[in-house]
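Since the structure comes first, as structure tokens, the remarks are kept for the end.
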Protein chains: 2
Amino acid sequence: MEPHIAPVELAKAYRLLNHGPTVLVSARHGGVDNVMAAAWACALDFSPPKVTVVLDKAAQTRALVENSGRFVLQVPNAAQLDLVHAVGTHSLADDPDKLARFGVELFAADGFDAPLVAGCSAWLACRLIPEPHNQDAYDLFIGEVVGAWADTRVFRDGHWQFEDAGPRWRSLHYIAGGQFYAIGESLQARGVS
Amino acid sequence: MEPHIAPVELAKAYRLLNHGPTVLVSARHGGVDNVMAAAWACALDFSPPKVTVVLDKAAQTRALVENSGRFVLQVPNAAQLDLVHAVGTHSLADDPDKLARFGVELFAADGFDAPLVAGCSAWLACRLIPEPHNQDAYDLFIGEVVGAWADTRVFRDGHWQFEDAGPRWRSLHYIAGGQFYAIGESLQARGVS
């Protein structure tokens with residue numbers, strides 16, 4: 001792995017998603033890799049950490065997840081704005097060269113057979129917890145996080161460091177029509193006992 | 001309702017949650033009102049709009065949702081930072097005067113018997129879609145959005161207007177330990193055809 005990438009303690013993996021970023025979902029099956037964008041991903045539990053993600057029936061990545069039982073959620077950043085929008089709006093079904101065309105570089109995590117997207121800020125390797133009713137009725141997939149990593153230039157000591165990391169590292173929060181918001185300033189609530 | 005509050009077209013209600021804000025969850029049953037904070041809420045479908053929210057078994061609001069079959073997700077803002085943290089860290093079980101103590105003011109939406117929290121930026125009135133397995137196994141609740149409203153000072157014409165609304169209107173995105181991020185600047189992806 002790239003020298004800036006470090007493991008994140010599983011008990012703190014929820015923090016990678018807690019602020020609601022748009023994610024990239026990647027998966028591999030039968031020699032096919034794919035990556036899509038998903039705004040509808042969410043933490044579901046602390047320990048063991050679990051996540052939810054909505055994968056439309058039209059998404060080619062969905063079949064890769066169903067068939068392999070594995071996926072990766074990764075947190076992209078402002079430097080990847082156009083890449084995130086492109087992989088979110090182009091299907092592998094229509095555009096078999098999609099990943100190369102949009103400059104998506106993949107790398108591997110030891111012992112986990114799904115591709116990770118280079119240049120992101122954080123990665124959560126997930127094992128699908130099959131829930132056929134949720135998948136069929138709601139397009140809702142549940143995963144257990146079995147490995148987590150982050151780029152220490154933007155997440156270290158169990159916390160995001162957006163304040164100090166520079167604008168290219170801000171997480172992306174999709175609305176519609178190609179418009180995103182970057183995450184903004186840190187605010188500390190006063191404790192009330 | 002307050003004159004700045006306007007209905008949001010149900011087909012665009014997902015946009016109120018799409019950027020992953022921490023929400024307030026409110027519910028009413030048997031003469032009891034409660035409000036809690038939840039970072040784990042997410043859009044689930046466009047039309048009819050649906051949402052997911054994780055409600056821990058220890059949360060008093062959970063029983064109100066289960067017993068009434070209704071809840072409201074509302075999007076609070078930076079002006080409510082301390083209120084959001086306070087209702088998220090104090091339980092009605094230990095602190096029966098919680099809402100008054102933290103300055104939570106409630107109001108009503110015609111025809112929907114659950115309390116709405118004043119001063120928020122947006123509100124989604126939801127009918128619980130009972131899914132006992134999800135609720136028991138994962139603390140995961142699914143709702144259909146049956147009404148949506150927003151404060152036109154920060155959401156109008158189907159879009160958030162954070163850029164022009166001033167810092168007090170920024171949505172809140174919780175991490176841990178009382179630390180939140182406010183939503184930040186708008187970024188427009190270049191379309192790739």
Side-chain angles (χ1 to χ4, degrees), chain A residues 12 14-15 17-22 39-45 50 52-54 78 81-86 88-90 101-102 129 131 133-134 137-140 142 158-160 162 167 170-193, chain B residues 12 14-15 17-22 39-45 50 52-54 78 81-86 88-90 101-102 129 131 133-134 137-140 142 158-160 162 167 170-193:
Chain A
K12 292 187 175 161
Y14 76 93
R15 296 186 185 177
L17 292 181
N18 220 60
H19 64 304
T22 292
W40 298 353
C42 195
L44 176 65
D45 207 348
K50 297 190 190 79
T52 55
V53 62
V54 178
L81 174 66
D82 294 330
L83 181 157
V84 172
H85 189 55
T89 49
H90 291 76
R101 199 170 146 223
F102 299 128
I129 299 176
E131 287 284 1
H133 171 65
N134 285 335
Y138 301 111
D139 299 334
L140 179 67
I142 295 179
H159 288 276
W160 288 104
F162 293 120
R170 299 274 164 161
S171 57
L172 297 169
H173 300 251
Y174 190 56
I175 304 292
Q179 192 219 348
F180 295 77
Y181 285 96
I183 199 67
E185 65 170 324
S186 181
L187 302 174
Q188 182 67 43
R190 287 180 302 155
V192 186
S193 60
Chain B
K12 290 185 177 163
Y14 76 93
R15 295 186 186 178
L17 293 181
N18 222 60
H19 64 305
T22 292
W40 298 353
C42 194
L44 177 65
D45 208 349
K50 296 190 191 80
T52 54
V53 62
V54 178
L81 174 65
D82 294 332
L83 182 158
V84 173
H85 189 54
T89 49
H90 291 75
R101 196 169 150 227
F102 299 128
I129 299 176
E131 288 284 0
H133 170 65
N134 285 336
Y138 301 112
D139 299 334
L140 180 67
I142 295 178
H159 288 277
W160 288 104
F162 293 119
R170 298 275 164 160
S171 56
L172 297 168
H173 300 252
Y174 190 55
I175 303 292
Q179 191 218 350
F180 295 77
Y181 286 95
I183 199 66
E185 66 169 324
S186 181
L187 302 174
Q188 182 67 44
R190 288 179 302 155
V192 187
S193 60

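Just the heavy atoms: all of them, side chains too, but no hydrogens, waters or symmetry mates, feed the values below. In what follows, chains are A, B, ... by sequence order, proteins preceding strands, each numbered from 1.
Note that CD1 of Ile183(A) is 8.5 Å distant from NE2 of His19(B), once rounded to the nearest 0.5 Å. Atom CZ in Phe162(B) sits 6.0 Å away from atom OH in Tyr181(A) (nearest 0.5 Å). We find the CG-CZ distance between Asn18(A) and Phe180(B) to be 10.0 Å, quoted to the nearest 0.5 Å.
Residues forming a ring-ring contact (aromatic ring centres under 6.0 Å, His included) with His133(A) (at least two apart in sequence, or on another chain): Tyr138(A).
A 4.5 Å side-chain heavy-atom check between His173(A) and His173(B) finds at least one atom pair inside the cut-off.
Side chain of Asp82(A) to main chain of Ala189(B): no donor-acceptor pair is present (N/O by atom type, distance under 3.5 Å, no hydrogens or angles). At distances below 3.5 Å, not a single donor-acceptor pair connects side-chain atoms of Gln179(B) with backbone N or O atoms of His159(A). In this structure, the side chain of Glu131(B) does not engage the main chain of Asn134(A) through any donor-acceptor pair within 3.5 Å.
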Audit row: Asp45(B), Trp40(A), side-chain hydrogen bond (donor to acceptor under 3.5 Å, both in side chains) steps and yes/no: CA-CA 9 Å; Asp45(B) 208 349; Trp40(A) 298 353; over 6 Å; no
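Contacts of Asp139(A) with chain B are absent, with no heavy-atom separation under 4.5 Å from either backbone or side chain. Of the atoms belonging to Ala137(A), not a single heavy atom falls under 4.5 Å from chain B. For chain B, the nearby part of Tyr14(A) is the side chain; its heavy atoms alone come within less than 4.5 Å. Only the side chain of Ile129(B) comes within less than 4.5 Å of a heavy atom of chain A; its backbone N, CA, C and O stay farther away. Of the two parts of Ile142(A), only the side chain, counted from C-beta on, holds a non-hydrogen atom closer than 4.5 Å to a non-hydrogen atom of chain B. In this structure, the portion of Leu172(A) lying under 4.5 Å from any heavy atom of chain B is its side chain and not its backbone. Heavy atoms of Lys50(A) lying under 4.5 Å from chain B belong exclusively to its side chain.
Most heavy-atom pairs under 4.5 Å with chain B: of the set Ala176(A), Pro167(A), Gly158(A), this distinction falls to Ala176(A). The residue among Leu81(A), Thr22(A), Leu17(A), Leu140(A) with the most heavy atom pairs within less than 4.5 Å of chain B is Leu81(A).
The minimum heavy-atom distance linking Ala182(B) with Leu187(A) is given by the pair CB-CD1, 3.9 Å. Considering all non-hydrogen atoms of both residues, Val54(A) and Ala43(B) come closest at CG2-O, 4.2 Å. Pairing each heavy atom of Cys42(B) with each of Cys42(A), the nearest pair is CB-CB, 3.9 Å.
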